[in-house]
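Each chain gets a letter, A, B and so on, in the order its sequence line appears, and its residues count up from 1.
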Number of protein chains: 2
Amino acid sequence: MRETKDRSYHHGDLRHALIDTALNMLATDQNWTFTLREVARRTGVSHAAPYKHFRDREELLRELARIGFDQLAETMTRAMFSNGLTIRERFTTGAQACIDFAFRNPGLYRLMFSADADKTADPHLHDTAMRTFHVLLQLLEEGQRDGSFRPVPISGQAGACWAQVHGLAMLAISGQLLEEKVGKEPVSAALDVLLNGLCCNT
Amino acid sequence: MRETKDRSYHHGDLRHALIDTALNMLATDQNWTFTLREVARRTGVSHAAPYKHFRDREELLRELARIGFDQLAETMTRAMFSNGLTIRERFTTGAQACIDFAFRNPGLYRLMFSADADKTADPHLHDTAMRTFHVLLQLLEEGQRDGSFRPVPISGQAGACWAQVHGLAMLAISGQLLEEKVGKEPVSAALDVLLNGLCCNT
DNA sequence: CCTCCATGTTTACAGGAGAAACTTATGAGG
DNA sequence: CCTCATAAGTTTCTCCTGTAAACATGGAGG
C-alpha cells in the first residue's frame, strides 16, 4: 500500500504508516487488542519506533478514533445534505449512513465510543467528535424552521436522535438486532417510531 | 467483606471471592483493564489459583457481565412493575432505572455490552441478556393491549426503545450528555420524544 | 486410618509496555 | 562543500502479564 520505497533507516512517513497498519488490524480483528509491537512489526520497524510518534499505545488509539469521527462526519454530511430529499428522508438517510458506517467498521466504531478513546485526554479528539454531533443539530434546526419537526427544544430532540442512532449502531454491530427479537427491518422500523415522535404530522 | 476466616490453603469459596474482588476493581477503575494476577493478589491467593475456577481472563469477564445483566433485569423489573403507574410512567421509570444502573456501574455496564463479553461464547450469558430484553417486551405488549401504544409490530417498537435507552445510557456514562449539547434534562426530554412516537394520543 | 481429588502453590516461559542509551541520515548554517 | 545538531530509528533492559505444568495439601468417603 505504502511500501513503494524500502526505506533505509528513515522511513519517511512512519506516523501515517503506523496508523494505516493499525487501522487495518482494527478492521481485520474487529477489536483493538493488537499490540503496539505487532503494529511496528507489520510496518517493518523496530518495536520502539512507534514511541517516537505516539506517547503510548493509547495515544495511537485516540488518533484512530479521531480519524473515525472525521470519516463518520463526512459520510453523514454527504448523506444528509444531498438534494431532492424531504427532511424526513434526509434524517433516515443520515441515520442509515451512521449505522452503515458502524457496520462496515465495527472495530473502529466501537473504539470511537469506548473508554479507551478518552475524549477528556485529547481536546483534538473531543472537538472532532463534537463536530460530528453538529451535523445532526444542523438538520434538526432546518427541520424545525420549515415546520417539519415539532417546535420543542432542539437539545431534547438531538439527545433522542443521537441516542437512538448510536444505540441502533451499537446493537447492530453486536449482532443483537436479531430478527426474532426486533423484526426484519429493525433499523427503519425503529427510526419510524422515533420520527413519529419528532414530526408534526403524526 | 468476606475475609472472616483467614483460610489456610483451601479458601472455601474462592470463586465468589474472586468475582467480588473483580467487581470492586471494575467499580473503582471504571474499566476492566485489571489483571487477573492483581485480582488474585487482592483476594490473597496465588496468581494461578483463579485458573481453577475460570478457564481464562475472559471467562471471568463474561461471568461479571452475566451478573450485571441479572442485576439490571431485576432493577428494571422492579421499576416497571410497581403499582399505581400509567403505562407511560412505567416506561420512563424503567428506562430511568436502566440509565441509573449504567450511571452507578459504568464499568460494569460498558463491559456488559462490550465485545469482551462475547455472548456467542457463553450461552448462559446470552440467555441472561435475552431475559433482560424480555422485560421490555412485556411492557410493550401490555401497552398495546390496553391501547396506550400504537398497534404496530412490537418488534419495531422494541428495537426503538432498546436502542434509545441503551444509547442514552452509553452517552450518559461517556459524559456526552452535556448540558450545552442536549439540554438540562436530556434523558427525560429524549424519552418524551420517543414516547410521542410510541403512544397513540400524541 | 488411608487415599483420592478438588483446590491450592510454585516454577517456568513467551511475549508486551515502555524507558534509556545508542546510531544514523538529513538539512541548515558556516 | 563540510559539519554537526537533531529527528527518527534501533538495541537493550526491566518489570509485568497470561497461561501451562508440575507439585502440595487437606477434607470427604471407603
Side-chain angles (χ1 to χ4, degrees), chain A residues 2-22 24-26 28-29 31-65 107 111 114-118 121-122, chain B residues 2-22 24-26 28-29 31-65 107 111 114-118 121-122:
Chain A
R2 203 179 280 262
E3 343 281 303
T4 38
K5 349 177 181 179
D6 48 330
R7 319 223 100 277
S8 62
Y9 219 100
H10 280 76
H11 182 286
D13 198 1
L14 183 53
R15 177 171 232 272
H16 288 68
L18 290 168
I19 291 174
D20 268 10
T21 306
N24 282 330
M25 296 185 71
L26 188 55
T28 304
D29 309 347
N31 66 44
W32 54 101
T33 54
F34 56 74
T35 67
L36 206 43
R37 283 167 111 101
E38 180 67 18
V39 173
R41 218 171 288 138
R42 297 204 187 186
T43 312
V45 294
S46 77
H47 63 83
Y51 288 93
K52 299 290 173 182
H53 299 274
F54 303 96
R55 189 196 314 287
D56 55 20
R57 194 172 160 283
E58 291 228 327
E59 191 171 302
L60 170 59
L61 293 181
R62 281 195 296 269
E63 178 61 10
L64 300 183
L111 172 60
S114 82
D116 285 348
D118 182 5
D122 182 351
Chain B
R2 204 179 278 262
E3 344 282 304
T4 37
K5 349 178 180 177
D6 47 329
R7 320 221 103 275
S8 62
Y9 219 101
H10 281 77
H11 182 286
D13 198 2
L14 183 52
R15 175 171 233 273
H16 287 70
L18 290 169
I19 291 174
D20 267 10
T21 306
N24 282 330
M25 296 184 73
L26 189 53
T28 304
D29 309 346
N31 65 43
W32 54 101
T33 55
F34 56 75
T35 67
L36 206 44
R37 283 168 111 103
E38 180 68 19
V39 173
R41 221 170 286 138
R42 296 204 187 186
T43 313
V45 294
S46 79
H47 62 83
Y51 288 91
K52 299 292 173 182
H53 299 274
F54 304 95
R55 187 196 316 288
D56 54 22
R57 194 171 161 282
E58 291 228 327
E59 190 169 303
L60 170 59
L61 293 181
R62 281 194 297 268
E63 177 61 10
L64 299 182
L111 172 61
S114 83
D116 284 348
D118 182 4
D122 182 351

Checking side-chain contact (heavy atoms from CB on, under 4.5 Å) for the pair A:Glu59/A:Asp56: CA distance, chi angles, key distance, verdict? CA-CA 5 Å; A:Glu59 191 171 302; A:Asp56 55 20; 3.8 Å; yes
Run the side-chain contact (heavy atoms from CB on, under 4.5 Å) check on A:Phe54 and A:Leu36 step by step: do they pass? CA-CA 10 Å; A:Phe54 303 96; A:Leu36 206 43; over 6 Å; no
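Proximity of a side-chain donor or acceptor of A:Asp29 to a complementary backbone N or O of A:Trp32 within less than 3.5 Å is not detected.
Rounded to a whole Å, the CG atom of B:Leu18 is 13 Å from the P atom of D:dG18. If you take CG of A:Leu14 and P of D:dG9, they are 5 Å apart, rounded to a whole angstrom. Atom CZ of A:Phe54 and atom C1' of C:dA19 are 19 Å apart (whole Å). Atom CZ of B:Arg55 and atom P of D:dG18 are 17 Å apart (whole Å).
For the residue pair A:Arg62 and A:Asp118, the shortest heavy atom distance occurs at CD-O, 3.5 Å. Closest approach of A:Ala40 and A:His47 over heavy atoms only: CB-CA, 3.8 Å. What you find for B:Val39 and B:Phe34 is that their closest heavy atoms are CG2-CD1, 3.6 Å.
In this structure, A:Glu58 and B:His53 both approach DNA chain C, and ranking their closest nucleotides by distance from the 5' end singles out B:His53.
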Letter by letter from the 5' end, nucleotides 21-29 of chain D scores (B base, S sugar-phosphate only, - none; protein heavy atoms under 4.0 Å) ---BBS---
Protein N or O to nucleotides 15-17 of chain C N or O, pairs below 3.5 Å:
| residue | atom | partner | partner atom | Å |
| --- | --- | --- | --- | --- |
| C:dG16 | OP2 | A:Arg41 | NH2 | 3.0 |
| C:dA17 | OP1 | A:Leu36 | N | 2.9 |
| C:dA17 | OP2 | A:Leu36 | N | 3.4 |
| C:dA17 | OP2 | A:Arg37 | N | 3.2 |
| C:dA17 | N7 | A:Arg37 | NH1 | 2.4 |

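B:Asp116 and B:Ser114 share no donor-acceptor pair across their side chains, judged by distance under 3.5 Å alone.
Residues meeting the side-chain hydrogen bond (donor to acceptor under 3.5 Å, both in side chains) test with B:Arg37, sequence neighbours left out: none.
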